[in-house]
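Following this message is one structure expressed as structure tokens.
Keep in mind it's a predicted model, so treat the numbers as computed, not measured. Letters A, B, ... mirror the listed sequences (proteins, then strands); counts begin at 1.
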There are 2 protein chains.
Amino acid sequence: MPTEQEPARTKRADAARNEKTLLAAAAEVFVSDGVDAPIRQIAARAGVGVGTFYRHFPTRADLITAVYRHQIEACAEAGPTLLAAAETPFDALRQWIDQFTDFLVTKHGLADALQSDSSTFAALHTYFLDRLEPVCAALLTAAIDAGDVQTELSALELMRGVGNLCIGREADSRYDPRRLISVLLKGLRAPL
Amino acid sequence: MPTEQEPARTKRADAARNEKTLLAAAAEVFVSDGVDAPIRQIAARAGVGVGTFYRHFPTRADLITAVYRHQIEACAEAGPTLLAAAETPFDALRQWIDQFTDFLVTKHGLADALQSDSSTFAALHTYFLDRLEPVCAALLTAAIDAGDVQTELSALELMRGVGNLCIGREADSRYDPRRLISVLLKGLRAPL
DNA sequence: CTGAAAAGCGGAACGTCGCTCCATTTAGTA
DNA sequence: TACTAAATGGAGCGACGTTCCGCTTTTCAG
């Protein structure tokens with residue numbers, strides 16, 4: 001009788017190798033062509049068939065989250081750190097939003113993907129928000145409690161707002177997301 | 001001589017009829033399926049072939065601008081009117097942004113289309129901005145001159161910022177674009 | 001070491017999309 | 001009525017996402 005007791009199976013060596021290769025290829029293609037780049041292109045660059053691609057990343061969102069997971073994690077961990085280190089909670093919030101913005105604008109097209117509801121990206125959206133929303137909420141409530149900020153905005157709205165403001169083409173020098181985000185933050189401040 | 005009052009080349013009757021039918025069909029489909037709805041679907045609803053569609057509207061942007069031209073025009077004309085009528089230039093700006101927001105959020109997916117650079121929408125983007133940017137600029141500088149507003153933002157940035165903030169799904173009650181826009185406007189105000 | 005089962009692989013194939021092209025139809029005119 | 005140019009529609013093309021399954025490679029019990 002076959003050994004079926006084993007719940008945890010280690011991946012086959014070639015499969016693990018292909019996954020790494022795909023991840024690397026995707027990261028390159030994302031930079032040059034954006035997160036909407038054709039699957040075929042990513043698979044070709046990795047030197048594998050599209051079937052293999054789908055085996056490893058059933059949805060595009062799976063791929064994107066895998067590629068950016070480290071950076072999302074770094075952003076999540078920066079929240080408490082900044083709160084402890086910054087002079088005021090508002091400063092912490094501002095610095096965190098800064099980092100968050102960096103993440104969004106340096107990744108070509110990520111912000112666009114984030115706001116899309118074409119069910120393809122629903123999972124990405126969910127992962128992203130689930131991970132970062134509590135972090136942002138902690139910063140926001142800390143700033144409110146300190147009296148620095150007075151707003152009806154939820155952390156989720158703030159994050160999505162910032163995300164949306166980052167959507168502008170980076171090629172367009174006439175549109176600077178950071179400037180708008182700075183105005184938005186100014187609008188958050190409590191009078192006086 | 002036949003009824004030839006018209007200045008020049010008048011369209012053939014059937015062509016004019018089809019154009020109207022297509023416009024009506026597109027307006028309906030836009031509401032139910034968004035501005036990204038397949039061309040085939042619009043053509044089918046109008047009871048014409050896709051070739052006919054492309055004859056009348058070579059690009060999707062041509063269609064969208066045709067559908068919404070009236071409302072864009074109304075928005076453009078409201079600028080000077082509001083400036084004359086409102087108590088302060090800032091009020092005029094706020095009311096104008098309000099109307100602008102109405103336009104964006106009531107049209108399913110329009111905001112999304114506006115920020116896209118997939119050359120398909122470049123023309124739409126251009127038309128839209130060319131028409132409204134000067135209007136917004138007039139309001140903004142009036143508010144700055146009056147001392148109500150102090151900002152480094154250009155009118156273009158403000159418009160695109162507002163447009164981007166409108167991108168959230170209207171189905172999501174947790175995201176209210178208007179709230180964010182209100183915060184953004186608050187951030188525009190000159191201190192005291 | 002060996003050989004068969006399991007895991008993984010590749011890419012042909014299918015359905016959908018935007019868009020083009022042109023043989024056919026039809027409105028306007030003389 | 002007959003003729004011409006405008007207008008039509010849908011077959012067809014290339015690109016895309018995604019699925020499916022016959023083949024290859026890895027693994028490991030014997």
Donor-acceptor pair, side chain of Asp148(A) and main chain of Ala143(A), under 3.5 angstrom: no
Atom pair distance, as rounded to whole Å: CZ in Phe57(A) and P in dC9(C): 11 Å
Between dC16(D) (P) and Arg60(A) (CZ): distance, integer Å: 10 Å
DNA chain D base-pair string [pairs: Watson-Crick or G-U under 3.5 Å; |: paired with another strand]: ||||||||||||||||||||||||||||||
Salt-bridge present (Asp14(A), Arg17(A); N to O < 4.0 Å): no
Main-chain N/O of Ile97(B) paired to Thr101(B) side chain as donor or acceptor, under 3.5 Å: yes
Spacing of Lys11(A) atom NZ relative to dC28(D) atom C1', expressed in whole Å: 20 Å
Protein-nucleotide distance (Glu19(A), atom CD; dA7(C), atom C1'), rounded to Å: 14 Å
Worked check of side-chain contact (heavy atoms from CB on, under 4.5 Å) between Leu158(A) and Leu184(A): CA-CA 9 Å; Leu158(A) 179 57; Leu184(A) 191 69; 4.2 Å; yes
Where at least one partner belongs to residues 79-98 of chain B, residue pairs that pass ring pair (Phe, Tyr, Trp, His ring centres under 6.0 Å), sequence neighbours excluded: Trp96(B)-Phe100(B)
Main-chain N/O of Ser154(B) paired with Glu157(B) side-chain donor or acceptor, under 3.5 Å: yes
Touch class at under 4.0 angstrom, heavy-atom based, for Ala13(A) against every strand present: sugar-phosphate
Spacing of Ile42(A) atom CD1 relative to dT18(D) atom P, expressed in whole Å: 11 Å
Salt-bridge contact Asp62(A)-Arg69(A) (side-chain N to carboxylate O under 4.0 Å): no
Distance, rounded to the nearest Å, where Phe53(A) contributes CZ and dC20(D) contributes C1': 17 Å
Whole-Å gap separating C1' (dC9(C)) and CZ (Arg40(A)): 16 Å
Selected nucleotide, minimal atom distance to Pro38(B) side chain, candidates dC9(C), dG18(C), dG28(C): dG18(C)
Residue met sooner reading DNA chain C from 5', once Arg17(B) and Ala15(A) are mapped to nucleotides: Ala15(A)
Distance in angstrom units between Tyr54(A) OH and dG8(C) C1', rounded: 18 Å
Residue Val50(A), side-chain atoms from C-beta onward, closest of dG10(C), dG11(C), dC19(C): dG11(C)
Nearest-nucleotide 5' precedence on DNA chain D, Thr52(A) against Arg12(B): Arg12(B)
Distance test, side-chain N/O of His56(B) to OP1/OP2 of dT8(D), below 4.0 Å: yes
Under 4.0 angstrom between Asn18(A) side-chain N/O and dC9(C) OP1 or OP2: yes
